[in-house]
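Okay, structure first, notes after.
Counting begins at 1 with the first residue of the sequence. Worth saying up front: this structure is predicted, and the values here are computed from it rather than measured.
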Amino acid sequence: MTVRVVVGGALCRDGRLLAARRSAPPELAGRWELPGGKAEPGESVPEALVRELREELGVETEALERVPGEWPLRPDLVLHVWTAGLLSGEPAPLEDHDELRWLRPDELDSVDWLDQDRPAVEEIGRRLRSTPDPTPAPGRGPTPGRTGARADGSPGDPVPGP
């Protein structure tokens, strides 16, 4: 049996990790994940990450570094997680998600992560606590105006939809 890679993107900005709430399929709807998807035949995992983040979030990114580990999703699928740098665009929930949030390290437990994403999220949280932004895009500093509490007082900054 051929095992296919699903790649998740740990997109960080201003010391926060982007979390995406699933809207489909029904068994995953309402839970949170690192956005991404399956690598297509002949496509490298970093290429798949860039394509998936473009399709799901409408942003241009670059794959930076693989987070150590891999997590089985089912017998024919395994999850790899990569850090990603945001090159252009503002993330929006375009496909398979209905909400996005930028979460500080102390807010990572405020959402119901998919089980397979939890180990990578914990590792990214450790990195965020030790370095304010572990995945800056080359030549770009923090984006102004992206900090502060949500209007309703709940954790994480929501990202507006399209």
Side-chain angles (χ1 to χ4, degrees), residues 1-13 15-105 107-131 133-138 140 156 159 161-162:
M1 171 181 21
T2 302
V3 176
R4 215 164 146 193
V5 173
V6 174
V7 61
L11 190 59
C12 298
R13 182 169 70 186
R16 295 168 188 244
L17 173 65
L18 185 68
R21 187 172 66 186
R22 296 289 309 209
S23 57
E27 62 272 15
L28 301 179
R31 297 198 64 199
W32 294 79
E33 69 173 359
L34 299 171
K38 296 180 191 86
E40 298 295 334
E43 183 178 48
S44 72
V45 175
E47 289 169 340
L49 177 64
V50 168
R51 176 185 52 76
E52 286 287 345
L53 295 180
R54 182 183 307 121
E55 291 172 2
E56 291 188 0
L57 306 176
V59 295
E60 291 301 319
T61 60
E62 67 175 333
L64 298 175
E65 177 188 2
R66 183 167 166 203
V67 174
E70 63 178 40
W71 300 274
L73 302 175
R74 38 180 229 228
D76 61 332
L77 292 176
V78 64
L79 175 67
H80 291 184
V81 174
W82 282 67
T83 58
L86 183 62
L87 298 176
S88 66
E90 184 63 33
L94 303 178
E95 190 176 287
D96 296 328
H97 303 101
D98 62 2
E99 185 178 344
L100 303 175
R101 288 187 190 173
W102 291 103
L103 300 173
R104 293 187 317 263
E107 297 171 323
L108 293 176
D109 290 333
S110 69
V111 298
D112 183 19
W113 291 99
L114 293 174
D115 295 339
Q116 63 270 16
D117 285 31
R118 288 180 188 275
V121 168
E122 289 172 12
E123 173 60 24
I124 296 301
R126 281 191 289 278
R127 294 180 185 195
L128 287 171
R129 283 186 283 280
S130 66
T131 306
D133 193 352
T135 59
R140 293 202 40 190
V159 177

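Looking only at side-chain heavy atoms (C-beta outward), R127 and I124 come within less than 4.5 Å of each other. Side-chain atoms of D76 and T2, non-hydrogen and from C-beta on, never get closer than 4.5 Å to each other. Residues R104 and R129 form no side-chain contact, since every pair of their non-hydrogen atoms from C-beta on lies 4.5 Å or further apart. Between V5 and V78, some side-chain heavy-atom pair lies under the 4.5 Å cut-off. Side-chain contact between P93 and D98 is absent, with no heavy-atom pair separated by less than 4.5 Å. D115 places none of its side-chain heavy atoms less than 4.5 Å from the side chain of W71.
Taking CG of L94 as the start and CZ of R54 as the end, the distance is 12.5 Å to the nearest 0.5 Å. Separation of atoms CG (L57) and CG (D96) is listed at 10.5 Å; rounding is to 0.5 Å. Atom OG of residue S23 and atom CD of residue E95 lie 9.5 Å apart, to the nearest 0.5 angstrom. Atoms CG and CZ, from L77 and R4 in turn, are 7.0 Å apart once rounded to the nearest 0.5 Å.
Listed by chain and number, the residues in a side chain to side chain contact (heavy atoms under 4.5 Å, CB included) with V111 are W32, R101, L103, W113 (sequence neighbours excluded). Listed by chain and number, the residues in a side-chain hydrogen bond (donor to acceptor under 3.5 Å, both in side chains) with D109 amount to none (sequence neighbours excluded). With sequence neighbours left out, E122 forms a salt bridge (Lys or Arg N to Asp or Glu O under 4.0 Å) with no residue at all. A search for salt bridge (Lys or Arg N to Asp or Glu O under 4.0 Å) contacts involving R126 returns E123, not counting sequence neighbours. Not counting sequence neighbours, E47 has no partner by the salt bridge (Lys or Arg N to Asp or Glu O under 4.0 Å) test. Scored by the salt bridge (Lys or Arg N to Asp or Glu O under 4.0 Å) test, E56 finds no partners at all (sequence neighbours excluded).
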Checklist entry - Passes side-chain contact (heavy atoms from CB on, under 4.5 Å), L49 versus H80? Steps please. => result CA-CA 10 Å; L49 177 64; H80 291 184; over 6 Å; no
- Message: Does L18 form a side-chain contact (heavy atoms from CB on, under 4.5 Å) with L86? I'd like the steps, not just the answer.
- Response: CA-CA 11 Å; L18 185 68; L86 183 62; over 6 Å; no
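Closest of all the heavy-atom pairs between L34 and A10 is CD2-CA, 4.4 Å. Across all non-hydrogen atoms, the minimal contact from R51 to E40 is NH2-CG, 3.5 Å. Considering every non-hydrogen atom in both C12 and L128, the closest pair reads SG-CD2, 4.1 Å. The minimum heavy-atom distance between P46 and A63, with the atom names listed, is CB-CB, 3.6 Å. Contact detail for G69 and R66: the closest heavy-atom pair is O-NH2, 3.2 Å. Closest non-hydrogen pair, A48 versus A39, comes out as CB-CA, 3.6 Å.
Among the candidates E33, R22, R21, the single residue satisfying the side-chain hydrogen bond (donor to acceptor under 3.5 Å, both in side chains) test with H97 is E33.
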